[in-house]
Structures are given as structure tokens and as C-alpha cells.
Amino acid sequence: MTTYDEKVLQQYADDLYQQAKWIVVMSALRYGLAVFLVSFGISMMVASSQKQVSTDAANSGVIVVLFLTVLGIAVGVDAGRRKAFMLKLQAQQILCQRQTELNTRK
């Protein structure tokens, strides 16, 4: 027969907070890398379809790739913050349940 152990709830809440700690950085990296690879690939296809690429066109292509990458990172940070908030909220709900149980046990 399994018995109640409040340490399990505490450990789960701690794990959720640990996940929330790094999820913003990981989401930003993931989104930024994905956007960079896609935009770089598209710019390479466009450049290879042209016979000659001027320096100005190449520079503007690099600027567009960098801008889109920064935009992807910003979107990743926003998505990561929202996910981190949800994880922290879930951890707080678990801790509240744990504290309620500890208070009513007496």
C-alpha cells in the first residue's frame, strides 16, 4: 500500500522551477537557430539562382538573415517566458496543496 509523502510534491515543484529556469534560454536558442537556418537556406537559394550577386545584394541578404534571426530569438524569449510562467504557476499550485495538507494534518 502506497502512503502519502509530502516530499514527492516538494521534489516535483522543485523540478518544475528548475525547468522554468532554463526554458527561456532554450526556447530563444531553438527559435533563433530555426529561423537562422531557414532564412539562410532561402537566401542561399536566391543567391544561387542569380548569375552574379553584387556586394550590396549580398550585404542586404546578410542583414535580412540577421534581422530575422533576432526576431526569431525575440519570439523564442516570449514563448519561453510564457511557458516558464505556466511551470511556476503549476509549481505554486502544488506547493499550495502541500501546505494545505500540512496545515490540516495537525
### Query
Do Val70 and Phe67 share a hydrophobic cluster (ILVMFWY, side-chain heavy atoms under 4.5 Å, transitive)?
no

### Spatial distance of atom CG (Asn103) from atom CD (Glu101) [nearest 0.5 Å]
9.0 Å

#### Entry: Ser49 (side chain) donor-acceptor with Val46 (main chain) under 3.5 angstrom
yes

### Task
Check the side chains of Asp15 and Gln19 for a donor-acceptor pair under 3.5 angstrom, ignoring hydrogens and angles.
no

### side chain to side chain contact (heavy atoms under 4.5 Å, CB included) assessment of Tyr17 paired with Gln92
CA-CA 9 Å; Tyr17 264 96; Gln92 286 298 309; 2.8 Å; yes

## Note on the structure
Between Gly80 and Ser27 the two heavy atoms that sit nearest each other are CA-OG, 3.7 Å

### Spacing of CG belonging to Leu33 relative to OG1 belonging to Thr69, to within rounding of 0.5 Å
9.0 Å

### Query
Would Ile73 and Tyr31 count as a side chain to side chain contact (heavy atoms under 4.5 Å, CB included) if you check the C-alpha gap in whole Å, the side-chain angles of each, and the deciding distance to 0.1 Å?
CA-CA 6 Å; Ile73 290 170; Tyr31 278 59; over 6 Å; no

### Query
Can Gln90 and Tyr12 be said to form a side chain to side chain contact (heavy atoms under 4.5 Å, CB included), step by step?
CA-CA 10 Å; Gln90 186 180 0; Tyr12 185 57; 3.3 Å; yes

### Message
To the nearest 0.5 Å, what is the distance between CD1 on Ile63 and CG on Asn59?
### Response
6.5 Å

#### Entry: Pairwise distance OG(Ser43) to CG(Leu68) - rounded to 0.5 angstrom
9.5 Å

### hydrophobic_cluster_shared for Met44 and Val65, side chain cutoff 4.5 Å
yes

#### Entry: CD-CG distance between Gln93 and Leu16, expressed to the nearest 0.5 angstrom
10.0 Å

### Task
Working to the nearest 0.5 Å, report the span between CZ of Phe40 and CG of Leu66.
10.5 Å

### Task
Count the heavy atoms belonging to other residues, nucleotides or ligands that lie under 6.0 Å from CZ of Arg81, then report whether that count exceeds 12.
no

### Query
When hydrophobic residues are tied together by side-chain contacts of less than 4.5 Å, even through go-betweens, does Leu87 share a cluster with Ile94?
yes

### Task
State whether a side-chain donor-acceptor pair under 3.5 Å links Gln10 with Asp14.
yes

### Summary
Heavy atoms of Ala13 and Ala91 approach each other most closely as O-CB, 3.8 Å

